Amino acid sequence: SAVSWQGKSGETARSPGAQPVDGVFKRTYPLPCMVLNRYSRKAATARLAALRRQVSVQTFTLGYEDSACRENRQAAQELAEISNRLSVEIHEAMESGDLLRKYRVDALPALVITAKESPELRVYGVPLGFVLPALLDGLVTLGTVGDPKHELLPLASAIVRSVTTPVSIRLDLAVNRREASTAEAAAALWRAVFAIHSLSDIPHIVPSLRVIEDFPVWAVRAGGHDCPCLLADGSPLVSWPFKDSDILESLAGYIADSV
């Protein structure tokens with residue numbers, strides 16, 4: 001139930017859910033106009049040149065796409081045109097229940113960034129504005145073979161040692177497309193999650209960006225905290241400004257109190 005996208009602008013990709021022609025399903029996803037402007041494509045080209053291994057973007061959309069699902073899906077396709085180390089698989093959500101559960105996707109539109117032996121990073125909403133550099137940073141984090149920041153390892157190790165049974169913790173970063181701090185906050189989240197994952201998959205961290213223009217409920221859940229605001233299992237954990245070390249320290253406190 002997936003579409004693999006590697007086309008150029010104006011081409012189409014195969015899709016699930018269409019009627020077969022000569023035994024082949026051929027519903028199409030045309031690209032009528034570009035979602036990423038010239039400035040965004042130039043920035044993406046520069047950032048994605050750093051990729052050193054294959055990264056996949058699982059794109060979840062609806063067969064009856066609204067504008068948010070279309071722009072989310074098309075942005076992923078356009079990024080895939082820039083680097084041969086980036087692949088995109090398009091999933092029609094109504095036909096992809098198993099994948100929704102596997103990747104813990106709970107809203108649409110959604111992108112899930114995956115790479116071998118790496119944490120899964122999620123972006124809910126359209127990755128434009130300052131969410132685009134946040135997405136690019138996540139792609140580069142997973143697409144470069146490197147060690148986590150050395151100074152984060154003691155904090156990450158303390159978190160790993162504090163959890164003795166399998167547990168899953170959702171870390172949701174509520175962000176605004178028009179806030180420049182969005183990209184910096186997301187980069188801090190990716191680094192913190194990568195540091196924990198480098199040591200153990202317990203606790204299992206489920207990190208996500210939630211674009212509040214597309215999901216206003218996350219602005220409500222952040223309460224009176226300014227965005228970017230990081231929430232743990234739906235409760236505010238730390239609000240901007242913060243560093244990656246602040247995320248780990250706050251997460252350690254949350255685990256001590258709640259897990």
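All values derive from a computational prediction rather than experimental measurement.
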Only pairs under 3.5 Å count here: list side-chain donor-acceptor contacts from residues 163-172, not counting sequence neighbours, and write none if there are none.
{"unit_1": "S168", "atom_1": "OG", "unit_2": "R104", "atom_2": "NH1", "d": "2.8"}
{"unit_1": "R170", "atom_1": "NH1", "unit_2": "D172", "atom_2": "OD2", "d": "3.0"}
{"unit_1": "D172", "atom_1": "OD1", "unit_2": "R210", "atom_2": "NE", "d": "2.8"}
{"unit_1": "D172", "atom_1": "OD1", "unit_2": "R210", "atom_2": "NH2", "d": "3.1"}

Qualifying residues under side chain to side chain donor-acceptor pair (under 3.5 Å), relative to T114, sequence neighbours excluded: none

Results of salt bridge (charged side-chain N to carboxylate O under 4.0 Å, His left out) for E151 - residues two or more places apart only: K149

Could you check if a side-chain atom of Y39 sits within less than 4.5 angstrom of a side-chain atom of K42, using non-hydrogen atoms only? no

Please tabulate, one pair per line, all N/O donor-acceptor pairs under 3.5 Å involving side-chain atoms of residues 195-204, not counting sequence neighbours.
{"unit_1": "S198", "atom_1": "OG", "unit_2": "A195", "atom_2": "O", "d": "2.6"}
{"unit_1": "S200", "atom_1": "OG", "unit_2": "I202", "atom_2": "N", "d": "3.0"}
{"unit_1": "S200", "atom_1": "OG", "unit_2": "I202", "atom_2": "O", "d": "3.2"}
{"unit_1": "D201", "atom_1": "OD1", "unit_2": "H204", "atom_2": "ND1", "d": "3.0"}

Considering non-hydrogen atoms only, spot the tightest contact between R177 and V126 and give its length. NH1-O, 3.1 Å

Can you check whether V35 reaches L128 side chain to side chain, under 4.5 Å on heavy atoms? yes

For the pair S157 (side chain) and L153 (backbone), establish whether a donor and an acceptor sit closer than 3.5 Å, ignoring hydrogens and angles. no

Does the pair R101/D98 count as a salt bridge with the N-to-O cut at 4.0 Å? yes

All heavy atoms of L111 vs all of A76, minimum pair found to be CD2-CB, 4.1 Å

Under the 3.5 angstrom rule, does the side chain of W190 hit a backbone N or O of L139 as a donor-acceptor pair? no

Looking only at heavy atoms, what is the nearest atom pair of S162 and I255, with distance? OG-CG2, 3.7 Å

Report yes if the side chains of E92 and T61 come closer than 4.5 Å at any heavy-atom pair, otherwise no. no

With side chains defined as the heavy atoms from C-beta onward, is the minimum distance between D106 and Y124 less than 4.5 Å? yes

Please lay out, stage by stage, how Q77 and E81 fare under the test side-chain hydrogen bond (donor to acceptor under 3.5 Å, both in side chains). CA-CA 7 Å; Q77 290 176 299; E81 296 176 352; over 6 Å; no

Any chain of hydrophobic side-chain contacts (each under 4.5 Å) joining L189 to L132? yes

Please list every donor-acceptor pair under 3.5 Å in which a side-chain atom of residues 48-55 meets a protein atom from a residue at least two apart or in another chain.
{"unit_1": "R52", "atom_1": "NH1", "unit_2": "A49", "atom_2": "O", "d": "3.0"}
{"unit_1": "R52", "atom_1": "NH1", "unit_2": "A50", "atom_2": "O", "d": "3.4"}
{"unit_1": "R53", "atom_1": "NE", "unit_2": "L142", "atom_2": "O", "d": "2.8"}
{"unit_1": "R53", "atom_1": "NH1", "unit_2": "K116", "atom_2": "O", "d": "2.9"}
{"unit_1": "R53", "atom_1": "NH2", "unit_2": "K116", "atom_2": "O", "d": "3.4"}
{"unit_1": "R53", "atom_1": "NH2", "unit_2": "S118", "atom_2": "OG", "d": "2.5"}
{"unit_1": "R53", "atom_1": "NH2", "unit_2": "L142", "atom_2": "O", "d": "3.0"}
{"unit_1": "Q54", "atom_1": "NE2", "unit_2": "R85", "atom_2": "O", "d": "3.3"}

Listed pairs under 3.5 Å, donor-acceptor, residues 180-187 side chains, sequence neighbours left out:
{"unit_1": "T182", "atom_1": "OG1", "unit_2": "N176", "atom_2": "O", "d": "2.7"}
{"unit_1": "T182", "atom_1": "OG1", "unit_2": "E179", "atom_2": "O", "d": "3.1"}

